[in-house]
Peer 1: 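Take this structure, written in structure tokens, and hold onto it; I'll ask about it next.
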Amino acid sequence: MQNAQGGALAPPLAVEPFYLPAGDEVELFEQCHHNKLAVMLKGPTGCGKTRFVEHMAWKLGRPLVTISCHDDLTASDLIGRYLIRHDRTIWQDGPLTAAVRAGALCYLDEVVEARQDTVVVLHSLTDYRRTLSIDKTGEMLEAAPGFQLVVSYNPGYQRMLKDLKPSTRQRFVTLDFEFPPPDREAEIVVRESGIEPSQARALVELAHKLRGLQDRGLAEVPSTRLLVATAELIGRGIPVRRACRVALIAPLSDDAALVGAMTDLVELTFP
């Protein structure tokens, strides 16, 4: 039997990921990192949580390991497992273990989607112990300097189906995220897509109208991410209304009445 670490982590990003702060979240995150505190980012889908983590990893000069959580994610998927290679058995670190060894930022996106028995393995990394128990190898791994655990979730639609246990939530400093104010959201759309500021402002105006349909049964409102995707199509020459239909409306709902209402708003905004 042979022990082996997982594949080499990607080095810290050399180019700064664009992120436009909405408040003091950058300073708060820096202080959490300095004080070895785990952080939870809470906010709607597509409001900039992942980009914020990428920006902070760059700013802090740390590698970043991102894990997309889902119902089938097991503790072994995070920690690692034995693999059979020809005539020997080796231990392969999972992404969480690799991040702990390297002192990386470990970002679990939509953590509430993971099973509770999987989330529990994070507990010892979120308090004074900062350790990870690898039961299969008998190793008690101490987090390297610079390691930080970051999780995110969308409390809107997920709260109706599942939520984090209080014993887990209270282990994190929580930063609340919302969609940016209109002027800042338009600035982000221009920066990410290259379209004209007047077009970006119109798209943001449309998004605010569409977000008002949430009370009429729209499960997820249009995100800044969808606005950027729409703007990128417009910037490539796709007619504005067509771009809005395929990149902004179609991803939100299949309900004919809602699609009709959203289409009417598009036509009013872009006559």
Side-chain angles (χ1 to χ4, degrees), residues 18-25 40-53 55 109-113 151-164 174-271:
F18 174 73
Y19 177 76
L20 190 62
D24 61 352
E25 66 270 26
M40 176 187 295
L41 310 179
K42 186 172 64 173
T45 298
C47 69
K49 300 187 296 295
T50 298
R51 178 60 64 86
F52 172 69
V53 177
H55 177 80
D109 190 18
E110 303 295 359
V111 67
V112 77
E113 295 289 350
V151 303
S152 72
Y153 88 112
N154 177 353
Y157 76 91
Q158 288 172 331
R159 182 172 295 152
M160 297 182 292
L161 304 174
K162 59 180 78 171
D163 206 348
L164 292 175
T174 300
L175 302 182
D176 287 306
F177 280 67
E178 297 293 342
F179 295 119
D183 57 337
R184 286 179 173 266
E185 193 164 30
E187 184 178 347
I188 292 169
V189 172
V190 170
R191 173 62 172 75
E192 294 289 286
S193 68
I195 65 171
E196 293 296 322
S198 59
Q199 291 179 309
R201 288 192 294 270
L203 274 178
V204 170
E205 178 186 347
L206 172 61
H208 278 259
K209 293 176 182 177
L210 294 175
R211 288 166 188 166
L213 295 176
Q214 191 167 27
D215 294 337
R216 294 178 56 180
L218 194 62
E220 279 289 327
V221 298
S223 65
T224 305
R225 181 190 299 136
L226 283 185
L227 291 184
V228 170
T230 305
E232 287 175 337
L233 290 181
I234 294 171
R236 291 291 183 177
I238 302 299
V240 175
R241 288 188 179 185
R242 181 60 176 161
C244 288
R245 289 190 185 99
V246 300
L248 192 58
I249 294 176
L252 293 176
S253 178
D254 294 320
D255 181 89
L258 277 173
V259 169
M262 289 189 287
T263 301
D264 289 344
L265 289 174
V266 170
E267 293 174 352
L268 287 171
T269 305
F270 299 102

Peer 1: Validate the cation-pi geometry between R211 and F179: distance from NZ or CZ to the six-membered ring centre under 6.0 Å, angle to the ring axis within 45°.
Peer 2: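 Judged by the rule (NZ or CZ under 6.0 Å from the ring centre, within 45° of its axis), R211 counts as positioned above F179.
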
Peer 1: Search all heavy atoms of A247 against all heavy atoms of A229 and return the closest pair with its distance.
Peer 2: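 Smallest heavy-atom distance, with atoms named: CB-C, 4.4 Å.
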
Peer 1: What I'd like to find out is whether the side chain of P44 reaches to under 4.5 Å of the side chain of V221, using heavy atoms alone.
Peer 2: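 Side chain of P44 against side chain of V221, heavy atoms only: no contact under 4.5 Å found.
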
Peer 1: Kindly compute the distance separating NZ (K42) from CG (N154), expressed to the nearest 0.5 Å.
Peer 2: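 Going from NZ on K42 over to CG on N154, the span is 11.0 Å.
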
Peer 1: Is there side-chain contact between M262 and L213, with at least one heavy-atom pair below 4.5 Å?
Peer 2: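 Sidechains of L213 and M262: in contact.
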
Peer 1: Examine distances only and state if a side-chain atom of K209 and a backbone atom of L265 form a donor-acceptor pair shorter than 3.5 Å.
Peer 2: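 Judged by distance alone, no pair lies under 3.5 Å.
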
Peer 1: If every non-hydrogen atom of L210 is compared with every non-hydrogen atom of L218, which pair is closest and at what distance?
Peer 2: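 Here L210 and L218 meet closest at O-CD2, 3.7 Å.
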
Peer 1: Does a side-chain heavy-atom distance below 4.5 Å link F52 with E25?
Peer 2: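 Counting from C-beta outward, F52 and E25 do come under 4.5 Å.
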
Peer 1: Measuring only between side-chain heavy atoms, which start at C-beta, is E185 closer than 4.5 Å to H208?
Peer 2: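 A side-chain contact exists here, since the closest heavy-atom pair is under 4.5 Å.
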
Peer 1: Is L226 close to P251 at the side-chain level, that is, under 4.5 Å between some pair of heavy atoms?
Peer 2: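 A side-chain contact exists here, since the closest heavy-atom pair is under 4.5 Å.
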
Peer 1: Side chain to side chain contact (heavy atoms under 4.5 Å, CB included) for D109 and Y153? Distances and angles first, verdict last.
Peer 2: CA-CA 7 Å; D109 190 18; Y153 88 112; over 6 Å; no

Peer 1: Mind checking side-chain contact (heavy atoms from CB on, under 4.5 Å) for S193 and listing every partner two or more places apart, or none if nothing turns up?
Peer 2: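 side-chain contact (heavy atoms from CB on, under 4.5 Å) check on S193 returns V189, I195, A231, E232.
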
Peer 1: Just wondering, more than 12 heavy atoms not from E178 lying within 6.0 Å of its CD?
Peer 2: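 No, the 6.0 Å shell around CD holds no more than 12 heavy atoms from other groups.
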
Peer 1: Regarding R241 and the six-membered ring of F270, is the cationic atom NZ or CZ under 6.0 Å from the ring centre and inside 45° of its axis?
Peer 2: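 Ring-cation test returns no.
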
Peer 1: Provide the closest heavy-atom pair for V190 versus P197 in the form atom of the first, atom of the second, distance.
Peer 2: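 Shortest heavy-atom contact: CG2-CA, 3.7 Å.
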
Peer 1: Rounded to the nearest 0.5 Å, how far apart are CD of E110 and CG of L41?
Peer 2: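 Answer rounded to 0.5 Å: 10.5 Å.
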
Peer 1: Minimum heavy-atom separation for P21 to Y19, with atom names?
Peer 2: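 That closest heavy-atom pairing would be CD-O, 3.4 Å.
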
Peer 1: Near D254 CG, under 6.0 Å, is it more than 12 heavy atoms from other residues, nucleotides or ligands?
Peer 2: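 No - once you tally the heavy atoms of other residues, nucleotides and ligands closer than 6.0 Å, there are 12 at most.
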
Peer 1: Nearest 0.5 Å please: distance from the OG1 atom of T224 over to the CZ atom of R184.
Peer 2: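 Interatomic distance, T224 OG1 to R184 CZ, rounded to 0.5 Å: 12.5 Å.
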
Peer 1: Verify, without hydrogens or angle tests, whether R245 (side chain) and A250 (backbone) share a donor-acceptor contact under 3.5 angstrom.
Peer 2: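 Such a contact is absent between R245 side chain and A250 backbone.
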
Peer 1: State, with a plain yes or no, whether a side-chain heavy atom of S152 is found less than 4.5 Å away from one of M40.
Peer 2: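 No. Closest side-chain heavy atoms not under 4.5 Å.
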
Peer 1: Evaluate the side-chain proximity of L206 to L248: yes if any heavy-atom separation is below 4.5 Å, no if none is.
Peer 2: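 Side chain of L248 against side chain of L206, heavy atoms only: contact under 4.5 Å found.
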
Peer 1: CZ of R191 to CG of L20: how many Å apart, nearest 0.5 Å?
Peer 2: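 Rounded to the nearest 0.5 Å, the CZ-CG separation comes to 10.0 Å.
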
Peer 1: Any ion pair linking R201 and E196 (charged N to carboxylate O, less than 4.0 Å)?
Peer 2: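 Looking at E196 and R201, the cut-off is not met.
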
Peer 1: What heavy-atom pair brings G43 and P155 nearest, and what distance separates the two atoms?
Peer 2: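 Heavy atoms of G43 and P155 come nearest at N-CD, 3.7 Å.
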
Peer 1: Do L203 and C244 have side chains that approach each other closer than 4.5 Å (heavy atoms only, starting at C-beta)?
Peer 2: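 L203 vs C244: side chains touch.
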
Peer 1: Which pair of heavy atoms, one from V259 and one from S253, lies closest together, and at what distance?
Peer 2: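 Distance-wise, the nearest heavy atoms are CG2-O, 3.5 Å.
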
